[in-house]
Amino acid sequence: HANFHSRDDMGHTTSEKFYIEACDHGSTDVLTIDRVSMEMTLTGKDIPPSAVTQPICGVMGTIRLVAGMYLVVITKKKKVGDLLGHAVWKALDFDVISYKKTVLHLTDNQMQDNKAFLSMMNSVLHTDGFYFATDYDLTHTLQRLANTSPEFQEMSLLERADQRFVWNGHLLREFIAQYHSVITMKSCCINGKVFEWNIISRRSCFRAGVRYYVRGIDSEGHAANFVETEQIVQYNGSKASFVQTRGSIPFYWSQRPNLKYKPKPQISKTINHMDGFQRHFDSQIILYGRQVILNLINQKGSEKPLELAFDKMVTSLGNSMIKYVAFDFHKECSRMRWHRLQILVDMVAEMQDEFGYFLVDVDGKVLLQQEGTFRSNCMDCLDRTNVIQSLLARRSLQSQLQRMGVLHMGQQIEDQADFEKIYKNAWADNANACAKQYAGTGALKTDFTRTGKRTQWGLLMDGWNSMIRYYKNNFSDGFRQDSIDLFLGNYAVDEADLTTPLREPKDWKFLTLPIIMVVAFSMCIICLLMAGDTWTETLAYVLFWGTASVVTAGVILFNGRDFVDAPKLVQKEKLD
């Protein structure tokens with residue numbers, strides 16, 4: 001149905017049916033959805049005049065909630081640019097329409113649950129980053145598309161898409177594919193030569209979630225927060241592409257929120273890590289060729305055991321296709337010494353030259369293939385990772401632009417002030433979008449990516465973002481995790497169930513302890529302000545209420561896990 005869900009559709013609604021009609025290509029077909037039997041059929045243009053009509057930009061799919069089936073449609077979109085001559089759209093606004101005409105058949109509890117599930121759906125839909133193209137497959141890199149068979153070319157866009165990056169696969173089962181990603185498209189000019197430069201970051205929907213609830217890998221070897229980032233350059237008909245990946249440290253570990261600023265990561269002691277670890281790298285090698293792991297986490301403190309375990313596993317796997325490089329980003333770049341990142345870039349330069357990049361000439365002849373990828377990670381695979389990826393991508397771009405004849409010999413990209421500004425901002429935007437989807441706020445360290453320098457203002461903004469992340473990770477991420485699980489179909493709502501997991505009563509501690517703490521703290525302040533007859537009396541009061549508030553705060557922190565907003569739908573059993 002690739003061309004059917006065209007750029008502009010019309011949705012017509014009657015009490016029995018939805019009619020979705022394509023408004024271009026002289027199409028005569030209408031997709032009819034029966035609101036009672038839920039059957040979908042392609043029919044001729046026979047739409048009752050009584051139907052309520054609204055323009056829509058595409059269909060995301062259908063989902064079952066407590067009140068029955070819902071149709072998810074895109075109501076607003078924006079063109080982000082043309083990729084190899086194909087329009088790429090970003091979906092901006094959505095509508096979730098119920099098949100059922102009323103919710104009178106629900107109990108009060110069911111109505112509340114249905115409302116909660118609807119707000120979860122809206123929460124995912126309005127996380128920035130749904131892109132689609134109606135006549136191009138955005139899920140594959142240029143190199144993967146070039147190495148395909150004729151049978152592949154004949155498949156519909158949805159059948160041939162890389163399932164890792166189709167976010168509405170569960171909603172679809174029948175419609176247009178949507179990719180959760182970040183796409184930046186720029187027309188740039190160096191030496192008077194105009195070229196197209198794009199970054200596409202594709203976010204995997206396997207093991208998707210928010211940062212503290214989804215870490216490490218699952219039994220299939222899918223890593224959390226896995227993102228494939230492709231940088232594409234087009235000049236005079238020739239095209240070049242450089243691919244990098246990022247993903248959580250690929251063994252079984254967790255880092256549950258517990259009200260502490262940085263919860264301690266726990267490596268699972270019960271599971272055999274090597275099975276999942278090997279699966280992860282086997283699939284990476286099949287997809288991308290040789291692997292260079294860039295592990296950027298601290299080599300001391302709470303991150304140290306993860307670094308040691310990762311190193312040990314790569315060694316015991318003994319696969320010559322995998323090379324492990326550890327670089328303690330925070331130690332090397334401490335006290336604003338950001339120029340030291342060059343040490344890492346120089347360290348892997350030879351390998352980067354061996355891997356090369358993908359290059360196609362004007363006639364579509366493949367001149368070079370990329371033989372391997374850098375798989376970068378830090379703890380979240382956001383801030384540190386993005387800084388390193390932008391430096392490696394720039395080095396690759398330098399070589400591509402020289403080969404294409406845009407840069408003269410001896411010219412450096414860094415010296416092209418206008419392009420350098422576009423380049424840095426685009427990578428910082430890429431960081432922000434990836435971080436919003438995983439950590440809930442923009443990325444940290446983007447001042448370095450944007451300006452090449454670490455600034456005091458940047459440090460201040462990082463502090464602000466860290467504070468918001470702390471709040472969200474502890475008090476709103478359970479809801480965000482549930483939203484993602486519902487959207488991706490990891491949790492299916494069953495209408496027959498009278499209760500849903502959303503209805504679990506809160507523990508008494510949850511309400512009483514914070515109230516006691518607030519009261520005790522207030523009394524402590526009041527006693528200080530309204531002094532008693534003697535200073536000893538005042539001191540006794542202050543000590544009593546002060547101790548009470550400190551003790552309750554201690555108890556709350558000790559039971560931190562009971563106070564955070566934890567996921568209720570799927571991740572519950574996975575709390576290792």
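Computed from a prediction, not measured in an experiment: that's the story for all the values here.
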Show, in sequence, the C-alpha distance, side-chain angles and deciding distance for Thr385 and Ser376, and conclude whether the side-chain hydrogen bond (donor to acceptor under 3.5 Å, both in side chains) test is met. CA-CA 6 Å; Thr385 297; Ser376 313; 5.8 Å; no
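- Here Tyr423 contributes atom OH and Ile199 contributes atom CD1; the two are 7.0 Å apart, rounded to the nearest 0.5 Å.
- With contacts defined as side-chain heavy-atom distances shorter than 4.5 Å, the pair Leu392/Val348 qualifies.
- Rounding to the nearest 0.5 Å gives a distance of 7.5 Å between CG of Asn258 and CG of Asn474.
- Tyr491 and Asp482 share no donor-acceptor pair across their side chains, judged by distance under 3.5 Å alone.
- A donor and an acceptor atom, one from each side chain of Asp95 and Tyr70, are nowhere located under 3.5 Å apart.
- Other residues, nucleotides and ligands contribute more than 12 heavy atoms inside 6.0 Å of the NZ atom of Lys424.
- A centroid separation of less than 6.0 Å is found between the aromatic rings of Phe487 and Phe130.
- A donor-acceptor contact shorter than 3.5 Å is absent between the side chain of Asp485 and the backbone of Asn490.
- Distance alone, capped at 3.5 Å, places no donor-acceptor pair between the His222 side chain and the Asp218 backbone.
- Formation of a donor-acceptor pair under 3.5 Å by the Asn122 side chain with backbone atoms of Leu118 is found in this model.
- Below 30°, between 30° and 60°, or above 60°: for Phe329 and Phe327 the angle between ring planes is above 60°, a perpendicular geometry.
- Asn377 places no side-chain N or O within 3.5 Å of a backbone atom of Ser248 that could act as its donor or acceptor partner.
- Within the model, atoms CZ of Arg340 and NZ of Lys331 stand 8.5 Å from one another, a figure rounded to the nearest 0.5 Å.
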Taking it one step at a time, do Asp282 and Arg279 satisfy salt bridge (charged side-chain N to carboxylate O under 4.0 Å, His left out)? CA-CA 5 Å; Asp282 286 350; Arg279 268 191 191 163; over 6 Å; no
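- The pair Arg384-Glu332 does not count as a salt bridge, with every side-chain nitrogen at least 4.0 angstrom from each carboxylate oxygen.
- Open room surrounds CZ on Phe521; 12 or fewer heavy atoms of other groups in view lie less than 6.0 Å from it.
- The distance from atom CE of Met60 to atom CG of Leu71, rounded to the nearest 0.5 Å, is 11.5 Å.
- Side-chain contact between Leu296 and Ile388 is present, with heavy atoms from C-beta onward closer than 4.5 Å.
- When the shell of 6.0 Å around CG of Asn272 is examined, it contains more than 12 heavy atoms from other residues, nucleotides or ligands.
- No side-chain heavy atom of Tyr212 sits under 4.5 Å from any side-chain heavy atom of Ser254.
- Between Glu220 and Arg207 there is no salt bridge, since no side-chain N of the basic residue sits under 4.0 Å from a carboxylate O of the acidic one.
- Separation of atoms CZ (Arg469) and CZ (Arg211) is listed at 5.0 Å; rounding is to 0.5 Å.
- Of the possible polar contacts, none joining the Gln481 side chain to the Leu569 backbone as a donor-acceptor pair under 3.5 Å is found.
- Residue Lys304 qualifies as open at atom NZ: its count of foreign heavy atoms under 6.0 Å is 12 or below.
- Taking the centre of each ring, Phe206 and Phe226 stay at or above the 6.0 Å mark.
- Looking at Leu92 and Lys90, their side chains come closer than 4.5 Å, going by heavy atoms from C-beta outward.
- Defined by atom type and a distance below 3.5 Å, a donor-acceptor pair is present between the side-chain atoms of Asn430 and Asn386.
- Atom CZ of Arg215 and atom OG of Ser268 lie 15.5 Å apart (nearest 0.5 Å).
- Between His280 and Phe251, the ring centre distance reaches or exceeds 6.0 Å.
- The side chain to side chain donor-acceptor pair (under 3.5 Å) test with Tyr288 singles out one residue from Glu228, Gln244, Arg375, and that residue is Glu228.
- Judged purely by atom type and a 3.5 angstrom limit, Ser123 has no side-chain atom pairing as donor or acceptor with the backbone of Ser119.
- Contact between Val227 and Ser201 at its shortest, heavy atoms only, is CG1-CB, 3.8 Å.
- Judged by distance alone, the side chain of Trp545 and the main-chain N or O of Ala540 form no donor-acceptor pair under 3.5 Å.
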Asp380 vs Tyr438, side-chain hydrogen bond (donor to acceptor under 3.5 Å, both in side chains): CA-CA, chis, key distance, verdict: CA-CA 8 Å; Asp380 302 323; Tyr438 190 54; 5.5 Å; no
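- Ile484 places none of its side-chain heavy atoms less than 4.5 Å from the side chain of Thr127.
- Among pairs with a residue in residues 455-468, those fulfilling salt bridge (charged side-chain N to carboxylate O under 4.0 Å, His left out) read Arg454-Asp462, at least two apart in sequence or across chains.
- A donor-acceptor contact shorter than 3.5 Å links the side chain of Thr75 to the backbone of Asp93.
- Using modelled atom types, no side-chain atom of Asn298 and backbone atom of Glu303 make a donor-acceptor pair closer than 3.5 Å.
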